[in-house]
Amino acid sequence: RRDRARQTLPCRTVTRMSSKRAAQAVTRSISISVTTVALLGLGSVALAAAPSQADTTPISLASTRVFVEGDSLTVGSAGALKSQLRRHVKSVTVDAQVGHHTGEGIRKLRSPAAKAAGIWVVALGTNDSPSSAQTRKNVAHVMQLAGRNRQVIWVNVVRPGGYGRVNRTLRALDAANPQLTVIDWAAVIRKQRELLSGDRVHLTPRGYRIRAIETRNAILSLAQPAVS
């Protein structure tokens, strides 16, 4: 029974993320076509005016390093996540600490291990106050550090006390940024409340395994070919 539950839930996440990447591919295709037409008519002037595009091409995971920055929820899921990703990516580095705030985690993204990674997973925010404005600032800071050629996966927050506004902000930022993928952990928990422990933040052993699978599926979705 547990195996069936573990396999069903992540499939929904992959479908959602794949749809987003397909939409991004279509948008990029349209942008390229428009730029090509402009080049035919305007020559080098059009080339200078064409906006730069973030790299959203599918990633070769076998040669990609993954860096995960998180708090106690990542401490709990780190072993399962490494096991899930071992045969898919070149390496997985997990930096996690109980009580980590997002600002502290962002500083770790300047580390050599983070700089060497092509995918960042940011699993922070549970220890922050539920501020939409600060969430926007945090995401903007991370995306600036990520540059144009790195994908960022962000896990949203499950905690009582107004964190829905944080998750709505993350959802809007996800829709607007092709380099950002938000894992809707809150949606997973709404369907499987039994994954939570007594404090309604931390997880049962099965909950940590499911969280690892959701993160794995988000990473694997980045390698899926775009739909033409």
Side-chain angles (χ1 to χ4, degrees), residues 1-14 16-17 66-86 92-109 111 113-114 119-132 134-135 138-139 142 152-171 173-174 180-220:
R1 189 181 306 166
R2 287 185 175 181
D3 289 340
R4 287 197 298 272
R6 273 195 279 170
Q7 294 304 317
T8 300
L9 222 164
C11 289
R12 291 194 291 270
T13 303
V14 170
R16 174 174 56 81
M17 292 177 181
V66 176
F67 184 82
V68 184
E69 185 61 41
D71 50 30
S72 57
L73 293 171
T74 302
V75 172
S77 60
L81 181 57
K82 288 181 178 180
S83 177
Q84 289 286 335
L85 286 174
R86 187 176 294 121
V92 182
T93 300
V94 177
D95 183 89
Q97 186 175 333
V98 175
H100 235 21
H101 293 271
T102 300
E104 296 170 316
I106 289 175
R107 287 194 288 273
K108 297 295 187 74
L109 297 177
S111 68
I119 298 173
W120 287 350
V121 178
V122 180
L124 296 164
T126 304
N127 296 300
D128 300 346
S129 61
S131 166
S132 295
Q134 188 59 51
T135 298
N138 289 338
V139 173
V142 169
V152 177
I153 295 171
W154 203 294
V155 188
N156 73 8
V157 181
V158 172
R159 177 176 174 174
Y163 286 82
R165 69 176 69 98
V166 170
N167 293 342
R168 287 190 293 274
T169 300
L170 287 172
R171 184 164 59 246
L173 294 171
D174 177 25
L180 177 66
T181 298
V182 173
I183 297 176
D184 196 354
W185 182 240
V188 174
I189 293 301
R190 280 196 297 271
K191 292 178 171 62
Q192 296 194 76
R193 302 290 298 179
E194 70 276 10
L195 299 180
L196 292 175
S197 65
D199 65 3
R200 296 192 292 167
V201 174
H202 295 92
L203 307 171
T204 64
R206 181 168 174 264
Y208 285 118
R209 289 196 299 272
I210 293 294
R211 187 176 171 94
I213 291 172
E214 291 287 342
T215 305
R216 176 205 67 185
N217 286 352
I219 291 169
L220 294 183

If you apply the rule side-chain contact (heavy atoms from CB on, under 4.5 Å), what do you find for V68 with T93, and how did you get there?
CA-CA 6 Å; V68 184; T93 300; over 6 Å; no
Please determine whether side-chain contact (heavy atoms from CB on, under 4.5 Å) holds for the pair V142 and W154, giving the CA-CA distance in whole Å, both sets of side-chain angles, and the decisive distance to 0.1 Å.
CA-CA 10 Å; V142 169; W154 203 294; 3.7 Å; yes
From I219 atom CD1 to L81 atom CG, the distance as rounded to the nearest 0.5 Å
6.0 Å
Rounded to the nearest 0.5 Å, what separates atom CD1 in I183 from atom CD in E214?
7.0 Å
As an exercise, state the distance from CG of L220 to CD1 of I213, rounded to the nearest 0.5 Å.
11.0 Å
Is the side chain of T204 donor-acceptor paired with the backbone N or O of G207 at a distance under 3.5 Å, no angle test?
yes
Output all residues satisfying side chain to side chain contact (heavy atoms under 4.5 Å, CB included) with R165, sequence neighbours left out; order by chain, then residue number.
P130, S132, R168
Test log, rule side-chain contact (heavy atoms from CB on, under 4.5 Å), inputs L109 and F67
CA-CA 9 Å; L109 297 177; F67 184 82; 3.9 Å; yes
Those residues that, when tested against N127, pass side chain to side chain contact (heavy atoms under 4.5 Å, CB included) (two or more places apart)
D71, H101
One should read off an interatomic distance between H100 NE2 and K108 NZ, to the nearest 0.5 angstrom, of 4.5 Å
Test item: T135 side-chain N/O and S131 main-chain N/O as donor-acceptor pair under 3.5 Å:
yes
Closest approach of V98 to V75 (non-hydrogen atoms, all atoms of both residues):
N-CG2, 4.3 Å
Between D174 and T181, the two heavy atoms sitting closest are OD1-CA, 3.6 Å
State the CZ-CD distance between R211 and Q84, to the nearest 0.5 angstrom.
14.5 Å
Kindly determine whether H202 and L73 satisfy side-chain contact (heavy atoms from CB on, under 4.5 Å), including the steps that lead there.
CA-CA 6 Å; H202 295 92; L73 293 171; 4.1 Å; yes
d(I119 CD1, T215 OG1) to nearest 0.5 Å is 12.0 Å
Per-pair distances, 0.1 Å, donor-acceptor, side chain in residues 155-164, under 3.5 Å, sequence neighbours excluded:
from : atom 1 : to   : atom 2 : distance (Å)
N156 : OD1    : W185 : N      : 2.8
N156 : OD1    : A186 : N      : 3.0
N156 : ND2    : D184 : OD1    : 2.8
R159 : NH1    : T126 : O      : 2.5
Y163 : OH     : D128 : O      : 2.5

